[in-house]
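What follows is a short report on a single structure.
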Amino acid sequence: MSKFVTFEIFRYDPEKDKEPYYQTYKVEIRRPGMLMLEGLNQIKWEQDTTLAFRRSCREGVCGSDGINVNGVNMLSCMTKIEDLGSDHLVIQPLPGMPVMRDLVTDVDDFFEKFITVKPYLIRKSPAPDKEFYQSPEDRKKLDGLYECILCGCCSSSCPSYWADKKYLGPNAFLRAYRYLIDSRDEGAEERLPILNDKNGVWRCHTIYNCVEACPKELNPTKAIVGIRQMLLERQY
Amino acid sequence: MSVKIEYHKFDVVVFGAGGAGLNAAQVASQYCSTAVISEVYPTRSHTISAQGGISAALGNLEEDHWHWHMFDTVKGSDYLADQDACEYMTKLAPQYIIELEHIGVPFSRTPEGKIAQRPFGGHTAEFGKRPVKRACYAADRTGHVMLQTLYEKAVAQKTQFFSEFYVLELLVNDGAVNGLLCWDIQNGGFHIFHAKAVVFASGGCCRIFKTNSNAHINTGDGLAVAMRKGFSWSDAEFIQFHPTGIYLAGNLITEGVRGEGGILLNANGERFMEKYAPTIKDLAPRDIVSRSMVKEVLAGRGVGPKKDHVLLKIDHIGAEAIMEKLPGIHELALVFAGVDCTKEPIPVMPTAHYQNGGIPTNYKTHVIKGFGSNPEETVPGFFAAGEIASASVHGANRLGTNSLLDLVVFGRTAGEEAAKYANSISFVPLAENAGQEGVELLQKFLNSNGENTFGPVYEELRTVMETNVGVFRTEELMTEAKEKLQVIKTKMDNFRVNDKSSIYNLELIEALELNNMILVSQALTECALLRKESRGGHAREDYPERDDANFLKHSEVTLDKDGNIVVGYRPVRMKPLTVEPFPVKPRVY
């Protein structure tokens with residue numbers, strides 16, 4: 001069985017292109033279950049060596065390879081071409097982020113927003129000699145939050161994130177909530193004012209794109225609602 | 001030189017942002033100015049992929065002792081590990097795991113709220129009597145949570161990151177290491193990081209094999225950069241082939257699956273590990289399980305139309321337990337094998353996974369020379385930790401979970417030692433030609449207009465390494481590999497990089513990585529040819545026995561001044577720090 005799928009890929013090299021353009025490639029489907037990343041590597045290693053994209057772990061945990069295919073954000077390494085249900089795939093860099101080159105976006109701003117919410121355990125009281133005891137129930141509260149791989153698919157799918165360059169975005173909120181509800185954390189009073197800011201959680205319009213886009217099936221909107229509840233309880 | 005170079009000065013510069021690099025950096029940042037140079041954003045380093053656990057004799061679920069852990073590590077290494085380093089690591093393990101928990105790592109929990117622990121291959125109670133629950137874990141995302149938490153801690157410590165910077169040259173002046181030359185991948189341009197101390201934590205090299213569990217970035221850059229300056233790579237021939245790579249894809253299925261009760265089956269439905277390791281069966285160390293699997297296949301008991309793999313069965317522990325303890329595995333098996341492991345077994349075969357050797361260090365992470373009359377002599381300003389380094393706690397075969405422990409313990413030690421060293425000296429001036437070699441190397445490839453491109457040459461390289469220097473090795477196969485590698489090497493002199501852009505030129509980076517991978521493959525093959533015995537992960541069909549009289553020693557490989565590969569040997573440090581040495585014994589489980 002040999003079948004070809006068209007990859008129509010966004011190309012842009014600021015050093016030589018006045019503006020972006022799309023370039024079309026034929027990708028051969030060489031096995032059932034072939035992944036998008038295999039297609040991109042096939043192009044790069046066999047057809048056009050100049051294509052630039054990010055990839056590393058190639059198994060959906062490092063978060064390097066978020067791309068937009070036919071309008072949907074996804075990880076190239078975990079997406080089977082056959083599951084996309086089309087022979088013509090339009091491939092673009094993650095939207096809402098500045099394009100650096102081809103499918104590579106500038107993610108510095110994304111990481112800075114992540115850092116803004118103080119994504120680390122904050123303690124006021126001293127730690128015990130042993131580990132903090134955390135009940136399995138309290139630990140379970142972190143499920144659905146800690147699995148984030150920082151790929152940016154969520155924030156990059158969010159219209160509020162596109163419109164407001166200072167909006168912290170769903171990814172930062174997901175991580176903030178992961179620490180806020182950790183039974184070991186004592187940093188709520190430092191973190192909540194940041195989240196209550198005009199660029200914080202109130203700017204979310206519950207569009208749910210982030211939930212749709214997350215390749216790990218996490219729910220940033222739920223985290224945002226959780227943060228809002230904490231803010232209301234404290235009457236900031 | 002006519003090219004423009006931007007200069008930076010830091011007390012400590014760390015090469016690599018995986019677990020070892022980040023732990024070194026977050027510690028060093030507390031004492032002095034520290035920068036981390038990484039080819040990828042820190043959270044994209046390969047520690048992220050570690051699944052099953054990190055070992056420490058916490059004894060949260062049953063009695064355990066660091067001394068038992070030390071014994072398992074030494075025996076697991078087939079007695080090639082340095083016993084001072086093994087004692088150091090296993091003794092500090094509980095304290096450093098607690099520290100990780102205190103900075104926020106979300107470990108899974110026991111009913112009373114302690115860190116949960118599971119059994120893992122080769123980890124036993126009472127010096128080999130039975131498996132013990134020693135591996136601390138966060139479901140099957142242990143590396144993921146550790147890497148992200150360490151990154152977050154480093155951020156909190158105001159560590160400076162230079163992400164998507166590619167290291168071209170290690171700078172040395174009058175025998176002292178004092179910096180790195182790098183290429184800014186995003187914007188183009190050379191940067192020199194002048195440092196008082198340099199910590200290598202750049203990970204492993206298993207991308208040189210066709211079937212591997214590694215990330216695209218694991219191309220052995222640190223090894224190549226060090227060897228080009230005459231520094232050694234210790235125990236290069238010892239590559240760990242992890243038994244349970246997903247058939248054809250190579251992606252890892254954690255040993256934690258067997259820790260939770262998974263078993264390996266051949267075509268007759270037999271649990272064949274009972275035959276090869278009667279005491280601990282499927283929880284035997286990785287080298288033994290991998291060889292057993294290959295033996296089953298060679299005996300015609302493989303499964304599938306080609307009878308070329310075996311099965312890993314886990315569905316009997318129940319869907320609920322799988323989804324709670326091994327959710328990531330469930331996802332990987334679905335995507336890469338098309339198998340729902342709550343219902344069917346996963347097709348598996350060994351996959352190149354880990355570089356057991358590395359840049360040799362003493363147990364305090366100071367890089368040592370490895371060669372000469374005083375091989376333990378340290379190199380001023382040079383430290384190493386994690387997979388790139390060899391303290392050595394893995395010897396000929398690493399135990400599962402000891403890699404994460406290695407990067408935590410030695411990463412931390414490297415941070416402390418490098419900071420202490422940096423605060424005790426002034427900057428060694430840069431050599432007159434500092435960076436020239438690296439600039440020329442990059443320019444050679446950027447300006448190259450020959451015939452060969454990355455794709456076909458890389459395919460050739462990784463096929464040779466897999467076919468000729470794999471799980472079972474022979475003189476004949478490896479001699480052939482050596483010849484083929486020489487041919488592949490000459491292809492780099494007739495190379496072509498089509499992309500001339502300075503903005504995110506991935507083709508250029510892949511060319512530089514390929515160049516490094518060829519050197520690494522040649523060095524590895526040379527050491528493997530010369531080690532005429534079978535030990536740990538190095539299995540010679542033509543020399544099937546371990547030969548302690550001739551080969552109970554570390555091999556050391558580097559490049560001489562003319563660029564030729566040279567191999568030497570260094571005694572194993574058999575004396576622990578405080579306890580009695582574990583004498584060399586036959587290794588049975």
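Keep in mind that what you see is a predicted model, and the values were worked out from it rather than measured. Numbered from 1 within each chain, the chains take letters A, B, ... in sequence-line order.
Looking at Gln186(B), the atoms closer than 4.5 Å to chain A (heavy atoms on both sides) sit in the backbone and in the side chain alike. Looking at Glu39(B), neither its backbone nor its side chain comes within 4.5 Å of chain A, counting heavy atoms on both sides. Contact annotation for Leu248(B): neither backbone nor side-chain heavy atoms come within less than 4.5 Å of a heavy atom of chain A. Contacts of Lys118(A) with chain B are absent, with no heavy-atom separation under 4.5 Å from either backbone or side chain. For chain B, the nearby parts of Glu131(A) are the backbone and the side chain; heavy atoms of each come within less than 4.5 Å. Interface remark: Arg58(A) contributes backbone and side-chain atoms alike to the contact with chain B (heavy atom separation under 4.5 Å). At a 4.5 Å heavy-atom cutoff, the contact between Asp108(A) and chain B is made by backbone and side-chain atoms alike.
Annotation: residues 14-24 of chain A contacts chain B through Pro14(A), Glu15(A) [non-hydrogen atoms, separation under 4.5 Å]. Residues of residues 139-148 of chain A that come closer than 4.5 Å to chain B, counting heavy atoms only, are Arg139(A), Leu142(A), Tyr146(A), Glu147(A), Cys148(A), ordered by residue number. Of residues 97-105 of chain A, those residues lying under 4.5 Å from chain B by any heavy-atom pair are Met100(A), Arg101(A), Val104(A). Residues of residues 156-165 of chain B lying under 4.5 angstrom from chain A, judged on non-hydrogen atoms, are Ala156(B), Glu164(B) by number.
The pair Lys44(A)-Asp48(A) does not count as a salt bridge, with every side-chain nitrogen at least 4.0 angstrom from each carboxylate oxygen.
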